[in-house]
Structures are given as structure tokens and as C-alpha cells.
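In what follows, every chain begins at residue 1, and chains take the letters A, B, ... in the order their sequences are listed.
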Amino acid sequence: MARSTPTYTPIRNYAIGILLSAILLFSDIAYGTFTPVRGFVNASALYTQMISSGALENISNTFYSFKKNRNLLNENKELKEQILQIRTKDFIERKNRDEKKKIINFQKELISSLSNNYIDIYKIASMDLRNYFCCSTHRIFLQNTKNASIEKNVPVFAGNSYIGQTKNTYIDFIEVILFSDASHVLPIKSNSFYCDARGKGKPLLISCTLDQTNQDLPNQIGDLIYTSGLGGIFFKDIEIGFISGVNAVSNNEIEVLITLKANPLNETFYAVLSKEADEV
Amino acid sequence: MKFSNHLIILSTIFLGFWLDNFLNPLTIKLFVELNFGFLIFTYWVFALPEKLQSSAALFYGLVIDLFFSHALGFNMLFFVATSYVIHLYVFRFRIFSYFQLAVFFSGSSTFYLACKYLLLSPYNYSYILLISSFFINAILWVGIYLIMRAFRRSIFSNL
């Protein structure tokens, strides 16, 4: 009886395959050689997804419009009655509108006086949820329908705080690296310390390592954290989160965990500054 | 093997990785990472060893890396290496029980997961996740094996 099974396995081809893929893997991890290729493929996939969903939406809209026509005549009658009601309300609303205009003009003046940056609003196109929940890479893609030229490393704002910065643009998409991405470093400050906080690779968490001897950090849990402005990218004194935990790393060092204020899962629209900001 | 057959196999692997992408955000909270894509790939190599050689594994890995991975070469490397091991012992595997097969293939998928976390996301490396994923993927393997075998017999009647 044979002691081993017969095989189809010429080791040379496998060795070449393993060597080749190991070289590609090393060059990608160490130097990011294929990042543009992957970004292009991701953007193309998103584009295809959007086009196909758009086509499906058009088809369903066509069917929907047939049904809708039947109801239109009835609605038309109701609308005529409503127009009469609206005319009476219109007079009151005009007054309110004049007041709102004054407020909007004031806001515009305020924004232009703060900086000369243009603020564009973009809708989220995709978020890699799998990596967001499990792994170090936390990225989102914004839909650049205006084809605006966005520079790298521009602050991105969502909800009521910063959430990250632009990393790259692919076709009509803007890649945004979130603060919680393990490769992102953000200069921050609290009332008692300055540090460079690195993303933890976990949702809404960043951390920084401090000298234990100088700090009374366990008593500062809950303290607010602000941008320090030292990186030259983000405005200073913008609240980004709070101290949520303190862990001892070694005898001399302590890790401060910071929970971020803005949750990208709750946001649909993101603001990007078109021009790179100066420190304030 | 015809190019169209390669496309069918690749699309099943692609579907597996898509399922992983779709389900893992939900299961990761329970410390479980499903590995449909990798298990489907290993099934194909196990089922058609003489048809799927190193070049096919390399090509499948490249496509999966481009669409699903954050480092080009990772799936290529593991697909080729796993393919080699399966080719080496394929006839021994044929006399294994379902339980033994499940242990081996789930073990390989756990090794794949461990390396993925170590290389691409060391902050999130977790032994609990690996152990629980091992058991879940062992159960998954049996299901994948039966479903993919039925699929192969209905699609590739000549192979």
C-alpha cells in the first residue's frame, strides 16, 4: 500500500505565485504602491452601483407615474382649494421671510469674516461598514457631483464637529479618512495637556499616550477635548469629543481614550472646505 | 477548463466575499467573523484539484484583492498557499469524514483570519474572535460543502 497519496502539485509554480504575491503584499503594505489602483476600482464599483440603482429607479418611476396620473385629477381639485388657503397664509410668511433673510445675510458675513474658504456640502456615497466595525481602516466616500477639485488633507465637518480629512479623489468620489482610522493622527488638547491622538481602529475612538507622572488623568474622565490647531489642517478650539477612559500602558506612560463627538453613522451630509485652511 | 467555467467559479467566490462584507458588520459584534469567500474558494480547489492550479488561485486572489481587500497580494498569497496544501493532500481529504474536513478547512480559514488581523489590523486582533469564528466556520463549511457540491453537479455535469 502506498504511504502517501499521488499529487498534481508542481511546487515551482506555487513557489513563484507565493513569492510574487508576497512581494505585492509587502510593497502595498509598506509603501501603499497599489492604493490608487484600489481606489480607482472602488470608485468604479460605486459608480456602477449608482448608475444601476439610478436605472432601476427610473423604471420604477415610470410605473409609478402611470398610477399617479389617475390620482392627479382628484388632487388637482383639492389643490385649487388649498391655493386659496395658502394665499391668506402667504401674507404672514412674507414678513417672516424678510427676517430670515436678514439672519442668513448675517451668517454669510460671519463665515466670510472667519476665513476665505468655500464650504461645499457633499452627500455620503458609501461607507465601508465591515472595516469600520472590525478593523483599522475607517474611510467614507463622498459623492462629488459638482466635480469640484478637492485638495488632499482638507478638514471634513459633519453634524456638529470635525470627523476627518480628505485623503484622495477618485473619479467623482472623495475619499475621507476618519479620525478613528488607525493611521490618522490628530493634534488635540484638553484643559491640561496637548497630544497627538491616533485613531484606535474602533468606532468613535482615538487615543494618545502621555507621561503618567505629570497628570492627574483618572479624575479628568468626561473632560472635553478640542483641536489644538497644531497640525495646520484643523481650526483650533473645535470640540471633537471627551475623555472616556484612562489605561496604564507602562510604569511611566498612560493611554487616554477619547470618544469622538460626531458619529459618521448618523450623518448624511458632510461639509468640506475647498481651500486648505490656515491656522486660526 | 473553459474560461466561462472560471468565471462561474470566480463569481461564486465573489458572492462569498460579498456575503462576508454584508454580514460581518452584524456578526462582528458577537466576536464572529464569517468567511464564506475563503471557504468557497477552498471547496472549489478541493472539488476540482486537477482543474484549478496555482495560476487560477493567483488570478482569483488578484480579483478579490482588487475589490475586497485593503492590501493587494493578501488573498493572492493565501489562495496560492492554501491551494498548494490542498493539492498536496487532496486524496487523503477524500477519505476524511465531514467532521475532519470541517476541522481542517475551518482551521485554514481561522489561520487566514489571524494573518489578516495581524497584517492589516493588529489593533483588533482577538483570540475570542478567532476561537468563535473557528467553530462557526466549521459549521458553515459543512453547509457550503453540501450546497456547492449540489451546485457543481448541476452546473458542471461534465467536470
Side-chain angles (χ1 to χ4, degrees), chain A residues 2-42 44-45 126-139 180-183 198-203 205 207 265, chain B residues 17 20-29 31 33 49-59 61-63 65-81 83-95 113 115-117 119-126 129:
Chain A
R3 287 173 66 83
S4 62
T5 53
T7 64
Y8 297 99
T9 317
I11 190 158
R12 190 193 60 188
N13 293 347
Y14 286 93
I16 292 169
I18 287 170
L19 194 69
L20 178 70
S21 44
I23 290 167
L24 291 178
L25 182 62
F26 174 74
S27 64
D28 202 14
I29 289 176
Y31 306 108
T33 318
F34 301 102
T35 310
V37 180
R38 241 185 351 269
F40 180 77
V41 171
N42 281 337
S44 308
S126 157
M127 181 172 185
D128 189 352
L129 278 179
R130 184 188 177 191
N131 276 299
Y132 184 71
F133 283 118
C134 84
C135 303
S136 308
T137 314
H138 292 187
R139 308 280 162 91
S180 52
D181 189 294
S183 58
R198 184 174 279 277
K200 285 287 286 178
K202 289 173 182 169
L205 276 183
S207 73
L265 293 178
Chain B
F17 275 93
D20 291 340
N21 256 0
F22 186 70
L23 295 174
N24 281 338
L26 308 172
T27 59
I28 204 79
K29 291 166 191 165
F31 292 98
E33 182 153 346
E50 66 280 14
K51 307 287 181 190
L52 297 179
Q53 299 286 339
S54 56
S55 53
L58 200 72
F59 174 69
L62 176 67
V63 174
D65 273 333
L66 277 175
F67 282 92
F68 293 102
S69 179
H70 280 280
L72 197 90
F74 181 78
N75 283 302
M76 288 166 78
L77 181 66
F78 275 87
F79 279 16
V80 174
S83 167
Y84 177 70
V85 175
I86 294 172
H87 273 93
L88 213 55
Y89 298 108
V90 69
F91 293 110
R92 287 186 192 185
F93 290 149
R94 293 269 163 93
I95 56 169
L113 281 180
C115 291
K116 188 185 93 174
Y117 276 100
L119 282 171
L120 306 178
S121 188
Y123 285 131
N124 297 291
Y125 187 86
S126 155
L129 184 136

**Prompt:** Which atoms of A/Arg12 come close to chain B, meaning under 4.5 Å heavy atom to heavy atom: side chain ones, backbone ones, both, or neither?
**Reply:** neither

**Prompt:** Considering only heavy atoms, which portion of A/Ile29 lies under 4.5 Å from any heavy atom of chain B: side chain, backbone, both, or neither?
**Reply:** side chain

**Request:** Mark yes when over 12 heavy atoms from residues, nucleotides or ligands other than A/Phe40 sit less than 6.0 Å from its CZ; otherwise mark no.
**Result:** no

**Asked** Measuring from B/Phe68:CZ to A/Asn131:CG, what's the distance to the nearest 0.5 Å?
**Response** 12.0 Å

**Asked** What part of A/Leu19 is in contact with chain B, defined as an atom under 4.5 angstrom from a non-hydrogen atom: side chain, backbone, both or neither?
**Response** neither

**Request:** Heavy atoms only: give me the nearest B/Tyr123-A/Ser136 pair and the separation to one decimal.
**Result:** CD1-OG, 4.3 Å

**Contact class of B/Phe79 relative to chain A, heavy atoms under 4.5 angstrom** = neither

**Item:** Beyond-backbone contact of B/Phe78 with A/Ser21, side-chain heavy atoms, under 4.5 angstrom
**Value:** no

**Complete:** From the list B/Gly73, B/Ala81, B/Ser55, B/Gly61, the residue making the most non-hydrogen contacts under 4.5 Å with chain A is B/Gly73

**Asked** How long is the gap from CD1 on B/Ile28 to CG on A/Leu129, to the nearest 0.5 Å?
**Response** 12.0 Å

**Prompt:** Looking at side-chain heavy atoms only, is the closest gap between B/Met76 and A/Leu24 below 4.5 Å?
**Reply:** yes

**Message:** Could you report the tightest heavy-atom contact between B/Phe74 and A/Leu25, atom names first, then the distance?
**Reply:** N-CD1, 3.6 Å

**Prompt:** Got a sec: does the CZ of B/Phe31 have more than 12 other heavy atoms crowding it under 6.0 Å?
**Reply:** no

**Message:** So B/Val80 and A/Asn13, do their side chains get closer than 4.5 Å, heavy atoms only?
**Reply:** no

**Message:** If you define the side chain from C-beta out and look only at heavy atoms, does anything of A/Tyr14 sit under 4.5 Å from B/Ser83?
**Reply:** yes

**Asked** What part of B/Leu58 gets closer than 4.5 Å to chain A, counting heavy atoms only: side chain, backbone, both or neither?
**Response** side chain

**Complete:** Honestly, the part of B/Asn75 sitting under 4.5 Å from a heavy atom of chain A is neither

**Request:** Tell me, out of B/Asn124, B/Leu66, B/Leu129, who's got the most heavy-atom pairs with chain A below 4.5 Å.
**Result:** B/Asn124

**Item:** A/Ile16 side, atom CD1; B/Ser54 side, atom OG - distance, nearest 0.5 Å
**Value:** 8.0 Å

**Request:** Please tell me if the side chains of A/Val37 and B/Leu72 come closer than 4.5 Å, counting only heavy atoms from C-beta onward.
**Result:** no

